[in-house]
There are 2 protein chains.
Amino acid sequence: MNLSVAEENYIKAIYKLQEGEQAVTTNALAYELETKPASVTDMAKKLKEKKLISYEKYQGITLSPEGRKTALQVVRRHRLWECFLVDKLSFSWEEVHELAEELEHVRSEKLISRLSDFLGNPVIDPHGDPIPDANGRMTKPRPQTSLDQANAKRLVVTAVSDQSSALLAFLNAKSIKLGTQLEIIAHYEFDNSIEIKVKNQPAITISEQVAKNIMVRPL
Amino acid sequence: MNLSVAEENYIKAIYKLQEGEQAVTTNALAYELETKPASVTDMAKKLKEKKLISYEKYQGITLSPEGRKTALQVVRRHRLWECFLVDKLSFSWEEVHELAEELEHVRSEKLISRLSDFLGNPVIDPHGDPIPDANGRMTKPRPQTSLDQANAKRLVVTAVSDQSSALLAFLNAKSIKLGTQLEIIAHYEFDNSIEIKVKNQPAITISEQVAKNIMVRPL
DNA sequence: ATTATTATTTAGACAAACTTAAATAATTTC
DNA sequence: GAAATTATTTAAGTTTGTCTAAATAATAAT
Ligand SMILES: [Mn+2]
Ligand SMILES: [Mn+2]
Ligand SMILES: [Mn+2]
Ligand SMILES: [Mn+2]
């Protein structure tokens, strides 16, 4: 099946929003792809025709097994390119998403398998997300929670769930990256902000918004 | 100016066919881009509008200074990606053109300058073609001629002017690559075929067709 | 200098991926 | 459970890059 760039972007976005089982709504997809709901409805019809999604009017969208396979391929390409940009070309993690968004559409099994070899077959990308292998399987990430609902006191950062350069730049400024160890000092009920301390850094208070997007596991 | 993939391909093809000064014809461009003359005429109007080419009905097409600059950027991206694929991912020279044809459209100054650094700022690509620098300048290649009109007897291969995998596969089979030294044994008037000898290889006879596409300079 | 051939352009149509505006369905709210 | 609100779809139109067929210009042949 030969998909257009737009189709691949839709499939990937559906995969991202699907998270488990629930159907993806037209509006959510339009928002994610910065397009209009009417465009999503059009595309849904096409993708259904190609058997990549199941879709019934007003019922939302879910990937078919075929669609899921496609999504995992695109995700694999995306995350491998991100690794390349960070590991080999010294980009920082907030710069790579945009570029990978384009590079992911160069479709070549051989290119991607060689790129993966060249990078040492990495299993997580610069944002802590798992990279599917050539068969679409990925190592199940070790259990992790978002920082705002962690109960342990001493934690290690395992991933960030928002890729926006705004968040990533903030984390850079606070010297927080993957693998950073931190300690929860206080939890303020009023606005759910959290005071944390990174070794050799002054304690800082982060908003609930930020905390929700930092994934951690107990040390 | 933000160009589409199609526009970039047109500009690059015009650059390739222009060779010096002469205007590029509608048919030649259609053939090069595997499209129809009517499509070329349409696109010519658009590119003229954007001031990338000069074009008058029935008079053919030439790049404007602006268009030339654009072409050199695309060529730079193309050739750097080819280097990457060959040097880092171990592709062979007949496989890379197609892939570079897609990779070249990821537009990012930063990406390309870092890629160039990563590769050691190469000045020729895997086919012996010069790589423009960030300002569009390229080192003028040392004087070279096609093998069919070389007058010296002992020669070194400097480039191939046809990128088709058919030719490149043929050269692979005969152990001819960039830098290969060869000797002209005979020149057969009948069909302009040439007998050549590569060190440690049996002498072989190559057609005029092939000879025209091998660039050489005297040893 | 006509005529034939070839090259190029125009006209009209189409598919993909969008958009806005209007219509309809689903969901909340009171 | 009717009314209001929100979500989704349909209808109609746009842009980009194609195409085929027909018209016209340029060039070559006689
Ligand atoms: Mn993308
Ligand atoms: Mn990522
Ligand atoms: Mn291209
Ligand atoms: Mn090349």
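Numbers restart at 1 for each chain; the letters A, B, ... are given by sequence-line order, proteins then strands. What's counted below: heavy atoms across the whole structure, side chains too, no hydrogens, waters or symmetry copies.
At the phosphate of dA7(D), neither OP1 nor OP2 sits under 4.0 Å from any side-chain N or O atom of Tyr31(A). Of the side-chain N and O atoms in Lys46(B), one or more sit less than 4.0 angstrom from OP1 or OP2 of dG17(D). Considering only side-chain N and O atoms, Tyr10(A) lies under 4.0 angstrom from the phosphate OP1 or OP2 of dC18(C). The phosphate of dA17(C) (OP1 or OP2) has a side-chain N or O of Ser4(A) nearer than 4.0 angstrom.
The nearest whole Å value for the distance from the CG atom in Asp42(B) to the C1' atom in dG12(C) is 11 Å. Distance NZ (Lys50(B)) to P (dG17(D)): 7 Å, rounded to an integer number of Å. Between Lys45(B) atom NZ and dT18(D) atom P there is a gap of 15 Å when expressed in whole angstrom units. Rounded to whole Å, the distance from CE on Met43(A) to P on dT19(C) is 11 Å. Protein atom NZ of Lys48(A) is 11 Å distant from nucleotide atom P of dT9(D), rounded to whole Å. Distance Glu7(B) CD to dT15(D) C1': 12 Å, rounded to the nearest Å. Between Tyr58(A) atom OH and dT27(C) atom P the separation is 11 Å, expressed in whole Å. Here dA7(D) presents its P atom at 6 Å from CG of Asn27(A), a figure rounded to the nearest Å.
Salt bridge annotation for Arg79(B)-Glu104(B): absent, with no cationic side-chain nitrogen under 4.0 angstrom from a carboxylate oxygen. Ion pairing of Glu7(A) with Lys50(A) is present here, as a side-chain N (NZ or NE/NH1/NH2) and a carboxylate O approach within less than 4.0 Å. Using a cutoff of 4.0 Å between basic side-chain nitrogens and carboxylate oxygens, Glu32(A) and Lys12(A) are not scored as salt-bridged.
Among the protein residues, Ala38(B) comes within range of the nucleic acid bases, having at least one heavy atom under 4.0 Å from a base atom. Nucleic acid contact class of Thr26(B) (heavy atoms, under 4.0 Å, all strands): sugar-phosphate only.
Aromatic pair Phe84(A)/Phe84(B): centroids less than 6.0 angstrom apart.
Nearest nucleotide to the side chain of Thr41(B), out of dT8(C), dC18(C), dG17(D): dT8(C). The side chain of Thr35(A) has dT19(C) as its nearest neighbour among dA17(C), dT19(C), dG17(D).
Annotation: side chain of Cys83(A) is in contact with side chain of Pro122(A) (closest heavy-atom distance under 4.5 Å).
Where Val40(B) and Lys57(A) meet DNA chain C, the nucleotide closest to each residue was compared, and Val40(B) sits on the side nearer the 5' end.
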